[in-house]
Amino acid sequence: MAHLLSTSCSLNFSSGCRSYTKPLVQDSLVFPTSLTFQTSKTPFGRLLLHRGRSQSTCTVHATTLSPSREAPKEPSYGINESSGGASKSQRVMVIGGDGYCGWATALHLSKKGYEVAIVDSLVRRLFDHQLGLDSLTPISSIHDRIRCWKSLTGKSIELYIGDVCDFEFLSEAFKSFEPDSVVHFGEQRSAPYSMIDRSRAVFTQQNNVMGTLNVLFAIKEYREECHLVKLGTMGEYGTPNIDIEEGYITITHNGRTDTLPYPKQASSFYHLSKVHDSNNIAFTCKAWGIRATDLNQGVVYGVRTDETEMHEELCNRFDYDGVFGTALNRFCVQAAVGHPLTVYGKGGQTRGYLDIRDTVQCVEIAIANPAKAGDFRVFNQFTEQFSVNELAALVTKAGEKLGLDVQTTSVPNPRVEAEEHYYNAKHTKLIELGLKPHLLSDSLLDSLLNFTIKYKDRVDTKQIMPSVSWRKMGAKPRTVTA
């Protein structure tokens with residue numbers, strides 16, 4: 001059972017010569033595990049992992065490894081900043097840089113010659129502890145990751161550990177780093193997580209909406225020319241029976257024509273938070289002249305980028321569970337361990353998909369081609385469309401080539417969604433700006449399956465089946481059990 005705890009401590013956030021010190025007085029929210037969420041007394045305080053009752057000082061250093069911990073030497077990877085790289089004066093803050101998309105993006109931008117800072121509360125790691133989940137791949141600490149990157153490339157990534165819902169912390173990070181662009185991945189990104197119970201639904205909305213509002217105010221107050229690149233989701237649109245445009249639609253009604261934001265039909269409290277984000281960003285672009293690009297991303301698959309492959313300590317996370325795992329990742333893991341592929345309902349649910357390598361490429365393109373002041377751009381960020389049944393068939397075919405006996409089973413759909421529907425979403429703007437997609441080929445599926453086979457001993461089969469129901473979500477906090 002969780003304990004009611006309170007603590008007062010002094011946190012010193014530092015990165016190289018940059019630091020932030022602030023006394024904290026905290027109360028706790030009770031969650032049903034031995035770990036508790038900690039929040040400040042401010043309305044939307046930070047989430048921290050409680051490590052003891054006594055006062056403590058926490059210091060973060062983004063430095064290279066000491067000689068005794070130096071990473072093994074690797075061969076040169078031919079990094080060429082003069083070829084397509086950005087000027088070193090370009091400073092990019094990656095909020096949520098310890099997460100799946102954020103980590104890959106931070107390394108990619110650093111390699112391209114941008115000066116990069118990661119801002120992260122590390123709460124994503126706490127979610128795994130709280131729910132008894134784990135990445136298929138072993139994940140190094142954020143400190144070891146950054147030290148390893150410095151050792152291999154000579155490039156520094158600055159680190160600010162704190163919660164963007166704490167505006168004082170975010171303000172200090174902005175004033176210290178002075179970003180030219182902010183890439184905002186720092187949100188609770190799972191629809192199932194937001195549908196577990198009331199507390200997670202409230203946390204998702206507060207963290208995502210208020211955190212984004214704080215980022216907007218920080219840009220207005222401290223870096224008016226800063227370009228916001230915000231990760232949205234294709235899930236904002238839902239599954240309308242008409243083509244999905246890129247952010248806007250031109251409508252003629254009663255003889256009059258106007259171009260309006262495309263209608264939103266969110267299907268979870270998570271997706272609703274993304275809709276609120278988009279509305280808030282659009283408003284502040286109009287009212288304050290902020291420049292912003294909203295990347296409505298499809299479902300991301302894969303784990304490898306050129307940068308994360310450089311060393312095992314740079315490896316990205318790979319989620320396969322019923323809360324954070326996406327369909328293709330889950331199917332590859334299920335095939336690897338001999339578990340039937342779990343198709344939800346009829347399996348006709350169709351979505352846009354893209355490789356993690358295209359995620360980092362799209363972010364780089366958005367930064368290199370910033371929006372104009374007052375402009376709220378929307379790009380649909382995906383490369384291909386598949387139904388769940390089509391993905392299952394592709395994994396089955398690839399598995400058979402590797403000698404796997406891949407079976408498929410239909411399970412009751414835990415979500416409230418159309419299982420057969422029309423789906424045709426436009427995604428031309430990023431292609432026009434130079435995106436070169438990595439499409440889901442047979443060779444890529446072979447690579448994904450071989451990757452999951454390599455780590456199959458780490459699979460917890462109890463986490464494979466869906467454990468969160470849209471219809472049965474409760475009010476009381478609970479631990480998810482498979």
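Keep in mind that the numbers below use all heavy atoms, side chains included, and drop hydrogens, waters and symmetry copies.
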- Query: Would Gln334 and Thr342 count as having a side-chain donor-acceptor pair, cut-off 3.5 Å?
  - Reply: yes

Exercise for review: Kindly assign one of parallel, tilted or perpendicular to the pair Phe217 and Phe167, based on the angle between their ring planes and the thresholds 30° and 60°.
Suggested key: perpendicular

Begin with the C-alpha distance, continue with both residues' side-chain angles, and end with the deciding distance and a verdict on side-chain hydrogen bond (donor to acceptor under 3.5 Å, both in side chains) for Glu187 and Thr212. CA-CA 9 Å; Glu187 299 195 318; Thr212 298; 2.8 Å; yes

ask   = What do the steps show when you test Trp288 against Ile219 for side-chain contact (heavy atoms from CB on, under 4.5 Å), and what is the final call?
value = CA-CA 10 Å; Trp288 301 339; Ile219 291 173; over 6 Å; no

- Message: Could you check whether Lys429 pairs with Glu432 (Lys NZ or Arg NE/NH1/NH2 to Asp/Glu carboxylate O, under 4.0 Å)?
- Response: no

In Thr383, Asp358, Asp355, the residue satisfying side chain to side chain donor-acceptor pair (under 3.5 Å) with His438 is Asp358

Note to self: Could you check whether any side-chain heavy atom of Tyr422 comes within less than 4.5 Å of a side-chain heavy atom of Asp243, counting everything from C-beta outward?
What the structure shows: yes

Taking the side chain as every heavy atom from C-beta outward, state whether Tyr114 and Ile367 have any atom pair closer than 4.5 Å. yes

> Is there a donor-acceptor contact under 3.5 Å linking the side chains of Asn389 and Ser387?
Replying inline: no

**Asked** Would a 4.5 Å heavy-atom cut-off, applied to side chains only, mark Asn207 and Asp163 as touching?
**Response** yes

Please say whether the positively charged group of Arg124, taken as NZ for Lys or CZ for Arg, lies over the ring of Phe324, i.e. under 6.0 angstrom from the six-membered ring centre and within 45 degrees of the axis.
yes

**Prompt:** With no hydrogens and no angle check, do the side chains of Thr204 and Gln188 hold a donor and an acceptor under 3.5 Å apart?
**Reply:** yes

- prompt: Does Glu364 come within less than 4.0 Å of Lys111, counting only side-chain N to carboxylate O?
  reply: no

inquiry  = I'd like to know whether Ser278 forms a side-chain hydrogen bond (donor to acceptor under 3.5 Å, both in side chains) with Asp294, so could you lay out the CA-CA distance, the side-chain angles of the two residues, the decisive distance to 0.1 Å, and finally the verdict.
reply    = CA-CA 7 Å; Ser278 295; Asp294 202 5; 2.8 Å; yes

- Message: Could you go through Tyr160 and Ser176, starting from their C-alpha distance and side-chain angles, then the distance that decides it, and tell me whether this counts as side-chain hydrogen bond (donor to acceptor under 3.5 Å, both in side chains)?
- Response: CA-CA 10 Å; Tyr160 299 84; Ser176 174; 3.0 Å; yes

### Message
Set out, in order, the CA-CA distance, both residues' side-chain angles and the distance that settles side-chain contact (heavy atoms from CB on, under 4.5 Å) for Val215 and Met93, then state yes or no.
### Response
CA-CA 11 Å; Val215 172; Met93 176 182 285; over 6 Å; no

| field | Salt bridge flag under 4.0 Å for residues Glu245 and Lys426 | value | yes

The side chain to side chain donor-acceptor pair (under 3.5 Å) partner of Glu236 among Lys264, His271, Gln265, Lys274 is Lys264

Check: Arg223 and Arg91 side chains under 4.5 Å, non-hydrogen atoms: no

Can you check whether Tyr301 and Phe386 have ring centres sitting under 6.0 Å from each other? no

Does the side chain of Val468 reach to within under 4.5 Å of the side chain of Met473, using non-hydrogen atoms? no

* Residues Ile157, Arg145; criterion side-chain contact (heavy atoms from CB on, under 4.5 Å); working and verdict -> CA-CA 10 Å; Ile157 294 178; Arg145 282 174 153 188; over 6 Å; no

Can you confirm whether Glu221 is buried at CD, in the sense that more than 12 heavy atoms of other residues, nucleotides or ligands lie under 6.0 Å from that atom?
yes

- Are the charged groups of Lys155 and Glu115 less than 4.0 angstrom apart, N to O? no

Carefully, step by step, assess Glu172 and Lys175 under the rule salt bridge (Lys or Arg N to Asp or Glu O under 4.0 Å). CA-CA 5 Å; Glu172 292 299 326; Lys175 289 186 286 186; 3.4 Å; yes

So NZ of Lys230 and CG of Leu295: to nearest 0.5 Å the spacing works out to 9.5 Å

Item checked: Check: Asp375 side chain, Arg291 main-chain N or O, donor-acceptor pair, under 3.5 Å -> no

Query raised in the report: Checking Arg330 against Tyr344: charged group under 6.0 Å from the ring centre and within 45 degrees of the axis?
Result: yes

For this session: Please tell me if the side chains of Leu448 and Phe318 come closer than 4.5 Å, counting only heavy atoms from C-beta onward.
Result: yes

| task | Establish, for the pair Arg351 and Phe382, whether the NZ or CZ atom is under 6.0 angstrom from the six-membered ring centre and no further than 45 degrees off its axis. | result | no

*I would like to know whether Thr359 and Gln297 meet side-chain hydrogen bond (donor to acceptor under 3.5 Å, both in side chains); could you show each step before the answer?*
CA-CA 8 Å; Thr359 290; Gln297 184 168 252; 2.8 Å; yes

Is it true that Tyr237 and Tyr262 have ring centroids separated by less than 6.0 Å? yes

Review point. Are any side-chain N or O atoms of Asn280 and backbone N or O atoms of Leu213, one a donor and one an acceptor, separated by less than 3.5 Å?
Key: no

| said: Is the shortest side-chain heavy-atom distance between Glu384 and Leu439 below 4.5 Å? | reply: yes

The single option from Asp98, Thr137, Asp128 that satisfies side chain to side chain donor-acceptor pair (under 3.5 Å) with Arg317 is Asp128

